[in-house]
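See below for the structure under consideration.
Just so it is clear, the values below take in all heavy atoms, side chains as well, and ignore hydrogens, waters and symmetry mates.
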Amino acid sequence: MHTGFVWLMSSRALQLSSLFARSEMLSTSDYNSIISINLFVALLLACIVIGHLVEETRWMNASITALLIGLCTGVVILLLSGGKSSHVLVFSEEIFFIYLLPPIIFNAGFQVKKKQFFRNFITIMLFGALGTLISFCIISLGSMQFFKKLDVGSLDVGDYLAIGAIFAATDSVCTLLVLNQDETPLLYSLVFGEGVVNDATSVVLFKAIQSFDLTHIDARIPLRFIANLLYLFFTSTFLGIITGLISAYIIKRLYFGRHSTNREVALMMLMAYLSYMLAELFYLSGILTVFFCGIVMSHYTWHNVTESSRVTTKHVFATLSFLAETFIFLYVGMDALDIEKWRFVSSSPGTSVAVSSILLGLVMAGRAAFVFPISFLTNLTKKSPTEKINFRKQIIIWWAGLMRGAVSMALAYNQFTRAGHTQLLGNAIMITSTISVVLFSTVVFGLLTKPLIRFLLPPRKHFPVSRTLSSSDLGSPKSITLPLLDNQQGSESAFCCYEFALHDGVGCPSRLCMLLNSPSHMVHYYWRKFDDNFMRPVFGGRGFVSFVPGSTTEPSATNLPE
């Protein structure tokens with residue numbers, strides 16, 4: 001009995017010591033996490049401060065600043081750890097797609113100038129969808145042709161097709177930072193709009209490649225892919241529109257502003273994020289869904305809330321987007337020097353450099369293969385020289401879309417790593433080459449974009465000050481001074497004809513003139529009539545909510561043209 005008591009006590013002692021050891025390990029792990037979070041927050045603050053100081057320079061921008069700070073921090077950590085590690089956080093595609101990308105894309109849709117975007121909608125779709133497919137084909141076929149001559153490990157057909165989808169994805173986040181919506185509205189709407197559609201198309205391409213059985217390729221696979229792409233585009237867009245309209249209807253009917261501005265802001269934020277997560281739940285494109293949800297919410301929901309909520313949402317969404325953008329580039333910069341990935345390719349650095357160079361060349365060739373032909377075709381449909389995409393603008397569109405970013409990184413990690421690690425030489429080469437392409441394109445192409453724009457499109461010294469605004473100029477929280485029809489809009493006669501038809505409501509001669517001179521104005525004219533007669537009375541908007549002091553139609557001191 002005494003022996004049993006001793007055995008029982010010793011076993012209890014062992015259990016307690018094991019428990020204390022586990023708690024000590026957990027506390028050490030928690031402490032290390034706290035150190036990592038503190039370091040990362042401090043780096044974010046440094047990115048904000050340094051980015052502000054270099055904001056007015058000709059070359060630098062916030063994305064490149066964050067990327068370089070991440071690289072420098074990675075070098076310091078690598079030296080302090082004796083070459084064992086270079087980062088405090090490991091790049092995760094889940095963090096990127098679920099938490100960082102939604103606020104960026106939503107804010108872009110929420111603050112986009114809708115007239116400029118939808119005026120060029122067909123061109124944007126051609127660039128974003130058809131152009132991505134052309135670039136995908138060139139990159140896939142080119143990599144298949146060149147990589148087989150190099151010792152890059154064992155890559156199958158699915159890997160080569162995945163490479164095409166990975167490097168066909170432009171960096172719409174960096175586009176937001178290197179192009180200015182007020183200075184170059186046409187270029188911004190084309191390049192950024194293309195980037196949103198391009199990201200969605202690339203992700204759909206990538207998922208389709210992983211889901212299809214590529215060992216038995218037949219004629220039905222391209223047809224299935226095209227049908228799948230059209231289905232995803234329309235259903236994702238429809239889901240975003242419906243979610244935005246529901247948020248507008250709820251706020252209009254329940255008058256949240258009478259009770260709490262916090263509820264209005266929280267409802268808008270949660271509805272926006274819900275649209276993205278619903279798209280992911282139903283295997284749709286969350287990028288397209290949250291983008292169009294932002295457009296609809298800026299057109300209806302935003303005008304149904306109180307003045308304080310308008311100011312709050314405008315700055316909250318912009319702040320979240322800014323922090324996510326900075327986080328992404330800092331994240332990528334620190335992870336780029338992960339020693340585990342580079343150790344696999346240290347024995348063959350020449351092969352890695354060759355692969356990266358080939359990929360950069362294919363990216364440039366693939367983009368040129370659709371930018372210039374599509375621009376030529378769209379110019380054939382434009383009558384006014386000011387509406388055409390001239391050769392200088394085509395060069396800027398081609399150049400600004402060469403940057404590759406976190407979407408390419410996330411897709412590459414998904415295809416070529418298992419549990420965050422590279423197990424094969426070919427996978428390691430593709431991961432390190434992706435990192436090299438992202439760093440080079442972001443830094444070099446990003447640095448030269450602003451000087452290129454200033455060289456090819458020097459700013460005008462004098463701008464026309466006269467403008468004619470309609471009520472539709474008051475539909476977006478972004479713009480301050482954009483005219484309804486700026487100097488991009490064709491001849492003065494067409495402008496006058498459009499104004500006459502819009503404001504005086506005359507009959508067929510003016511409408512016929514409007515249709516022949518500027519069809520986009522005709523579509524806009526009928527959309528405004530439909531919107532005013534059917535949509536705004538139900539979902540709200542400026543002019544359709546009765547005034548209640550402190551409520552949703554509190555007078556606004558902010559100019560808000562679309």
D159 side chain vs D156 backbone, donor-acceptor pair below 3.5 Å: yes
Side chain S140, main chain C137, donor-acceptor under 3.5 Å: no
Inter-residue atom distance T319.OG1 - K314.NZ, 0.5 Å rounding: 11.5 Å
Close side-chain approach of F167 and L362, heavy atoms under 4.5 Å: no
Lys/Arg-Asp/Glu bridge criterion (N-O < 4.0 Å) met for R536, D531: yes
Residue pair L411 / T434, side-chain heavy-atom distance below 4.5 Å: no
Distance (rounded to the nearest 0.5 Å) between L229 CG and F234 CZ: 9.5 Å
Nearest-0.5 Å distance, CE of residue M409 to CD1 of residue I328: 11.0 Å
Approximate separation, where rounding is to 0.5 Å, of K149 NZ and I358 CD1: 9.5 Å
Counterpart residues, side-chain contact (heavy atoms from CB on, under 4.5 Å), relative to I98 (two or more places apart): E94, Y273, M277
Whether T201 side chain and A129 backbone form a donor-acceptor pair below 3.5 Å: no
Neighbour count >12 (heavy atoms, 6.0 Å) for atom CZ, F372: yes
Parallel, tilted or perpendicular, as decided by the 30° and 60° cut-offs, for the rings of F118 and F292: tilted
Nearest heavy-atom neighbours spanning L126 and I374: O-CD1, 3.5 Å
Heavy-atom pair with the smallest gap, counting every atom of A369 and I138: CB-CD1, 3.3 Å
Heavy-atom check, side chain of F206 versus side chain of L161, under 4.5 Å: no
Short side-chain to backbone donor-acceptor contact, Q394 and I389, under 3.5 Å: yes
side-chain contact (heavy atoms from CB on, under 4.5 Å) between F327 and L323, intermediate numbers included: CA-CA 6 Å; F327 191 98; L323 286 176; over 6 Å; no
Nearest heavy-atom neighbours spanning S189 and L186: OG-O, 2.9 Å
From CA spacing to verdict: side-chain contact (heavy atoms from CB on, under 4.5 Å), T326, T65: CA-CA 9 Å; T326 307; T65 301; over 6 Å; no
N/O donor-acceptor pair under 3.5 Å between W398 side chain and M364 backbone: yes
Ring geometry between F233 and F121 (parallel below 30°, tilted from 30 to 60°, perpendicular above 60°): tilted
Partner set under side-chain hydrogen bond (donor to acceptor under 3.5 Å, both in side chains) for T313, not counting sequence neighbours: W302
Under 3.5 Å donor-acceptor, S408 side chain and R404 backbone: no
Partner set under side-chain hydrogen bond (donor to acceptor under 3.5 Å, both in side chains) for T132, not counting sequence neighbours: N198
Closest contact, heavy atoms only, F136 versus G164: CD1-C, 3.5 Å
Student check: side-chain heavy atoms of I395 and V371 closer than 4.5 Å: no
Passing candidate, ring-ring contact (aromatic ring centres under 6.0 Å, His included) with F291, options F117, F106, F110: F117
Step-by-step side-chain contact (heavy atoms from CB on, under 4.5 Å) determination, I241 to C293: CA-CA 5 Å; I241 293 173; C293 179; over 6 Å; no
For N390, side-chain contact (heavy atoms from CB on, under 4.5 Å) partners two or more places apart: R392, K393
Heavy-atom pair with the smallest gap, counting every atom of E280 and G286: OE2-N, 3.5 Å
Check: I166 and F416 side chains under 4.5 Å, non-hydrogen atoms: yes
Donor-acceptor pair, side chain of S321 and main chain of F317, under 3.5 angstrom: no
Single hit among V191, D199, V196, V197 for side chain to side chain contact (heavy atoms under 4.5 Å, CB included) with T170: D199
4.5 Å side-chain heavy-atom contact, L245 and M535: yes
Sidechain-backbone polar pair: N379 side chain, S375 backbone, donor-acceptor under 3.5 Å: yes
Listed partners of A248 passing side-chain contact (heavy atoms from CB on, under 4.5 Å), at least two apart: Y300, T301, N304, F539
side-chain contact (heavy atoms from CB on, under 4.5 Å) between L448 and W399, intermediate numbers included: CA-CA 9 Å; L448 297 178; W399 182 271; 3.8 Å; yes
Atom of M403, atom of T442 and distance for their closest heavy-atom approach: CG-CA, 4.2 Å
Contacts of R367 that satisfy salt bridge (Lys or Arg N to Asp or Glu O under 4.0 Å) - sequence neighbours left out: E194
Donor-acceptor contact below 3.5 Å, side chain T289 vs main chain S285: yes
V438, L360, L359 screened by side chain to side chain contact (heavy atoms under 4.5 Å, CB included) with S433, the one that passes: L359
Gap between atom CG of N120 and atom CZ of F127 - 0.5 Å precision: 9.5 Å
Note, L402 side chain near V363 side chain (heavy atom, < 4.5 Å): yes
Euclidean distance, I242 CD1 relative to L278 CG, rounded to 0.5 Å: 12.0 Å
